[in-house]
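All remarks here apply to the structure that follows.
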Amino acid sequence: MENTRFYHEWAAGHRHFLYNDKAVAADPVLGRLKASLPQSEDNHLSLVGGLFVDLKDLIASNPANRTPLEYLGAFYLLNKNLPAFGEMVDRYWGTEALPVLLASFQEAIIILNEKDPEAWRNYRIPETTVRRFAEYKKQVLAHAGNQAALPGLLRNSYGNTYWYYFMFK
């Protein structure tokens with residue numbers, strides 16, 4: 001690339017990274033990217049193992065990079081696959097990969113453990129979220145006889161919650 005017209009300067013400036021893992025690790029951009037590469041020898045370009053396997057490998061490679069875990073959780077929640085979501089949270093919650101639960105994750109945990117408020121405390125669901133769920137459930141039960149209007153009645157107050165998505169989307 002150093003012999004090309006447009007990439008000459010860039011290539012010359014990056015030459016010192018060739019075969020120099022310490023320089024790559026010390027670079028703020030390249031070091032962060034290299035740390036996030038999967039450690040397994042599997043071919044991740046072809047998605048042979050599937051997206052979920054690749055995301056789990058990325059989480060294992062660099063737990064500090066929370067993006068793969070957030071994607072994995074989002075896939076489970078969008079597909080309403082709460083058992084897989086619950087397994088993911090149980091595996092990673094409280095670790096470097098998932099030190100705290102995102103708001104949508106908290107809301108899904110409440111659905112997953114609706115009859116077990118003790119589990120909510122174990123996951124440190126904030127009291128504000130618990131109260132909001134209680135109000136949501138109260139509204140759902142109050143308008144249970146009007147199923148056709150229920151989504152519209154709840155949209156303004158709860159349309160941005162996982163509870164609303166889970167019930168109406």
Side-chain angles (χ1 to χ4, degrees), residues 25-40 42 44 47 49-169:
D27 185 78
V29 174
L30 297 177
R32 183 176 49 82
L33 293 173
K34 186 171 192 266
S36 295
L37 290 174
Q39 301 301 313
S40 69
D42 298 336
H44 291 277
L47 292 174
L51 181 60
F52 299 119
V53 170
D54 289 349
L55 288 172
K56 289 174 186 177
D57 282 351
L58 290 171
I59 295 166
S61 296
N62 185 4
N65 179 7
R66 294 192 186 100
T67 303
L69 185 127
E70 291 175 10
Y71 274 115
L72 183 61
F75 280 121
Y76 289 144
L77 293 182
L78 288 170
N79 289 302
K80 300 180 183 180
N81 188 347
L82 291 183
F85 172 79
E87 289 175 17
M88 181 204 78
V89 170
D90 287 344
R91 178 174 180 187
Y92 296 110
W93 185 78
T95 68
E96 185 180 15
L98 188 61
V100 295
L101 295 175
L102 304 170
S104 59
F105 287 16
Q106 294 171 15
E107 293 166 356
I109 288 295
I110 288 176
I111 293 172
L112 194 58
N113 299 286
E114 185 176 357
K115 294 181 179 9
D116 184 14
E118 184 62 32
W120 307 350
R121 286 186 277 285
N122 292 338
Y123 287 108
R124 298 186 194 124
I125 306 295
E127 196 57 40
T128 54
T129 304
V130 171
R131 281 194 302 271
R132 190 160 188 232
F133 176 71
E135 184 58 35
Y136 175 81
K137 188 172 180 178
K138 182 178 169 184
Q139 294 291 323
V140 169
L141 294 174
H143 297 94
N146 193 359
Q147 292 292 320
L150 191 56
L153 293 169
L154 296 174
R155 184 178 298 115
N156 286 340
S157 297
Y158 302 100
N160 65 341
T161 66
Y162 186 70
W163 309 315
Y164 184 89
Y165 176 85
F166 188 77
M167 281 188 75
F168 303 113
K169 300 288 182 168

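Small disclaimer: the values here were computed from a predicted structure and weren't measured.
One N or O on the side chain of S61 and one on the backbone of D57 form a donor-acceptor pair closer than 3.5 Å. Remark: the backbone N or O of P63 is not paired with any side-chain donor or acceptor of E96 at under 3.5 angstrom. Side chain of D27 to main chain of L30: a donor-acceptor pair is present (N/O by atom type, distance under 3.5 Å, no hydrogens or angles). The main-chain N or O of L82 is never found under 3.5 Å from a side-chain atom of Y76 such that the two would form a donor-acceptor pair.
In this structure, E70 CD and L77 CG are separated by 11.5 Å, a value rounded to the nearest 0.5 Å. Note: I109 CD1 to L102 CG = 11.0 Å, rounded to the nearest 0.5 Å. Atoms OG1 and CH2, from T95 and W93 in turn, are 10.0 Å apart once rounded to the nearest 0.5 Å. Rounded to the nearest 0.5 Å, atoms CD (Q139) and OG (S157) are 7.0 Å apart. Rounding to the nearest 0.5 Å gives a distance of 9.5 Å between CG of N113 and CD1 of I110.
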**Study point:** side chain to side chain contact (heavy atoms under 4.5 Å, CB included) assessment of F75 paired with L55
**Key:** CA-CA 11 Å; F75 280 121; L55 288 172; 4.0 Å; yes
Exercise for review: Could you please spell out the steps behind the side chain to side chain contact (heavy atoms under 4.5 Å, CB included) verdict for Y162 and K169?
Suggested key: CA-CA 10 Å; Y162 186 70; K169 300 288 182 168; over 6 Å; no
Practice item. Check the pair L58, N65 against side chain to side chain contact (heavy atoms under 4.5 Å, CB included), reporting the backbone distance first and the verdict last. Key: CA-CA 8 Å; L58 290 171; N65 179 7; over 6 Å; no
**Study point:** Derivation and outcome, side chain to side chain contact (heavy atoms under 4.5 Å, CB included), residues E114 and F133
**Key:** CA-CA 10 Å; E114 185 176 357; F133 176 71; 3.9 Å; yes
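Between the side chains of E107 and T161, not a single donor N or O lies within less than 3.5 Å of an accepting N or O.
Looking only at side-chain heavy atoms (C-beta outward), L150 and F168 come within less than 4.5 Å of each other. Between K137 and L141 the shortest side-chain heavy-atom distance falls below 4.5 Å. Side-chain contact between M88 and R91: absent, with no pair of heavy atoms (C-beta onward) separated by less than 4.5 Å. Using a 4.5 Å cut-off on side-chain heavy atoms (C-beta onward), R66 and Y92 make no contact.
Here Y164 and Y158 keep their ring centres 6.0 angstrom or further from each other. Annotation: F105 is not in aromatic contact with Y123 [ring centroid separation under 6.0 Å not met].
Looking at every heavy atom in both residues, A97 comes nearest to I59 through CB-CG2, 3.9 Å. Nearest heavy atoms, L101 versus Q106: O-NE2, 2.9 Å. Across all non-hydrogen atoms, the minimal contact from G86 to L112 is CA-CD2, 3.5 Å. Residues A108 and F85 come closest through the heavy atom pair CB-CE2, 3.6 Å.
The cationic group of K80 lies under 6.0 Å from the six-membered ring centre of Y165 and within 45° of the ring axis, placing it in a cation-pi geometry.
Salt-bridge annotation for E118 and R121: present, with a side-chain N of the basic residue lying under 4.0 Å from a carboxylate O of the acidic one.
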